[in-house]
Novice: 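Got a structure for you, questions after.
Every chain is numbered from 1 and lettered A, B, ... according to where its sequence line falls, protein lines coming before strand lines.
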2 protein chains.
Amino acid sequence: MGISERRIRQKEEVRNNILATAWQIVREEGWQALSIRKIADAIEYSVPVVYDHFVNKECILLEFAREGFCLLGRKMAQAKGKHADPAAQLRAMADAYWNFAFKNKEYYQVMFNLGIPCAEAEACTCLPEKINFRTLVGESIGEIMTNSKRTDISVCMKSHTFWSVIHGLISIKMMRTSDMHDDLNKLVMEDAIEGFIKNLT
Amino acid sequence: MGISERRIRQKEEVRNNILATAWQIVREEGWQALSIRKIADAIEYSVPVVYDHFVNKECILLEFAREGFCLLGRKMAQAKGKHADPAAQLRAMADAYWNFAFKNKEYYQVMFNLGIPCAEAEACTCLPEKINFRTLVGESIGEIMTNSKRTDISVCMKSHTFWSVIHGLISIKMMRTSDMHDDLNKLVMEDAIEGFIKNLT
DNA sequence: TTACTTTTGCTAACACTGTTAGAAAAAGTA
DNA sequence: TACTTTTTCTAACAGTGTTAGCAAAAGTAA
């Protein structure tokens, strides 16, 4: 009987509709403007229907956070793939991370600024390959570090630093309205990454 | 006539009471639990009285953010004062910043994670001296950079990087529940600062 | 002390939020 | 047609920030 199949399909459709509508609201009015009632109004259903698909509002946010981590992972994998030299790979990944953050502010915000426990989302594995930006960075760093004699610090810790440096620069730039010019900001980032790479060996 | 003086004094008292009560709520239940009604209940006044002292809730948060920036500035100035060598000053200031963040999570959150335009608060000048952590860091960095031949990047930009590196490490550590051990995290931070200092010359 | 003015503080509401219990309507099954 | 399951909605609860407008208290001048 294809009835239950159709039902599942229709339910999925409503779910996608909820997410698409939510995303539109966020893009137009920002995260703080997103409410269950607004979504319900827009999809022309009553409020409890939204709760049939997501146990609460945070689950909706988490969905976008996961999407964001997947997208970021793909972008970084793509950037990395264009280079063979591990240092060049790190530079390209930093650049990809930077561009992702500012071309997708809404994603970046839900990933890091909305108080969602990001550990799980961050560790998400995007099909077809297990793309995780921590491991992506770790591989390149590992390559560079095996050629050096630094034993005081691990690859995992250096990956953490790499991430922190970029995230710090981005999150500070994002919260300050009138800061340095964009070009200067990117220059600062590139200099920081260059220093990081030097400090690996 | 001392009547109006007394009135001002009493009004100030209520204001301080509001802030003290708000701070207690935040320490006990976190920022998201802070509401005007809870404050009003605790100080045994009605809700609109709170609005006689603060035009809105954000103003209360801003007050704490300012306090936080002052406290941080003092801590860093104090740490810096213990050393003459600019590199040692930077290490000490990074350490002070790190300790401030984790010993005063509530302050750090309101300063950076609550979506408050921090530009003004950050630029706050604490009496008696004009203590601003950007300039504090800038001075030490300037000293090191005048002895070098780097002309591609300015002291201001390097100060920005210094701040970003530490902030990045802190804000990532803060949002991840079970991450590396505390000692390892601090080690990572110290390594990052060491790399930063090396990259100044 | 009385009459008037200013200050102070409160009640009650408005317009929202996330969330859920329970009833009604629609759809599918025997 | 009678019954069951699924779907959907109305209406509420318990909060939130914020404010209009009125009552009470305090201070001032006669």
Novice: Pick the nucleotide of DNA chain D nearest each of B:Arg6 and B:Val55; which residue has the one closer to the 5' end?
Specialist: B:Val55

Novice: Could you run down the sub-3.5 Å N/O contacts of the protein with nucleotides 8-10 of chain C?
Specialist:
unit_1 : atom_1 : unit_2  : atom_2 : d
C:dC10 : OP2    : B:Ser46 : N      : 2.8
C:dC10 : OP2    : B:Ser46 : OG     : 2.8

Novice: A:Tyr51 has an atom OH; how far is it from atom P of D:dC9, in whole Å?
Specialist: 15 Å

Novice: Is the charged tip of A:Lys186 near the ring of A:Phe102: under 6.0 Å from the six-membered ring centre and within 45° of its axis?
Specialist: no

Novice: Can you tell me the distance, in whole Å, between the CD atom of A:Gln10 and the P atom of C:dA26?
Specialist: 16 Å

Novice: For B:Val47 versus B:Arg37, what's the shortest heavy-atom pair and its separation?
Specialist: CG2-CG, 3.7 Å

Novice: Using side chain to side chain contact (heavy atoms under 4.5 Å, CB included) as the criterion, list what pairs up with A:Phe54, not counting sequence neighbours.
Specialist: A:Arg15, A:Ile18, A:Leu19, A:Cys59, A:Ile60

Novice: Looking at B:Lys75, I want to see if its NZ is surrounded by more than 12 non-hydrogen atoms of other residues, nucleotides or ligands under 6.0 Å.
Specialist: no

Novice: Taking salt bridge (charged side-chain N to carboxylate O under 4.0 Å, His left out) as the definition, give me every residue that meets it alongside B:Arg6, ordered by chain and number, with sequence neighbours left out.
Specialist: none

Novice: Check the orientation of A:Phe112 and A:Tyr108. Use parallel for under 30°, tilted for 30 to 60°, and perpendicular for over 60°.
Specialist: tilted

Novice: Please state how far atom CG in B:Asn56 lies from atom P in D:dT16, giving the value in whole angstrom units.
Specialist: 16 Å

Novice: Could you state the atom-to-atom distance from CZ of A:Phe54 to C1' of C:dT19 in whole Å?
Specialist: 16 Å

Novice: Could you go through B:Glu194 and B:Arg91, starting from their C-alpha distance and side-chain angles, then the distance that decides it, and tell me whether this counts as salt bridge (charged side-chain N to carboxylate O under 4.0 Å, His left out)?
Specialist: CA-CA 8 Å; B:Glu194 221 49 56; B:Arg91 275 186 278 264; 2.4 Å; yes

Novice: Could you give the NZ-to-P distance, from B:Lys57 to C:dC16, as a whole number of Å?
Specialist: 19 Å

Novice: Over the length of the helix from C:dC4-D:dG27 to C:dA30-D:dT1, how much do the five-pair end axes diverge, rounded to 10 degrees?
Specialist: 30°

Novice: Does the plane of the ring in A:Phe100 sit parallel, tilted or perpendicular to the ring in A:Tyr107? Use 30° and 60° as the thresholds.
Specialist: parallel

Novice: Among all residues two or more places apart in sequence or in another chain, which pass the salt bridge (charged side-chain N to carboxylate O under 4.0 Å, His left out) test with B:Asp191?
Specialist: A:Arg150, A:Lys158

Novice: What's the spacing between A:Arg27 CZ and A:Glu106 CD if we round to 0.5 Å?
Specialist: 4.5 Å

Novice: Give the residues of residues 28-41 of chain A touching DNA chain D, defined as any heavy atom closer than 4.0 Å, sorted by residue number.
Specialist: A:Arg37

Novice: Classify the angle between the aromatic ring planes of A:Tyr97 and A:Phe133 as parallel (below 30°), tilted (30 to 60°) or perpendicular (above 60°).
Specialist: perpendicular

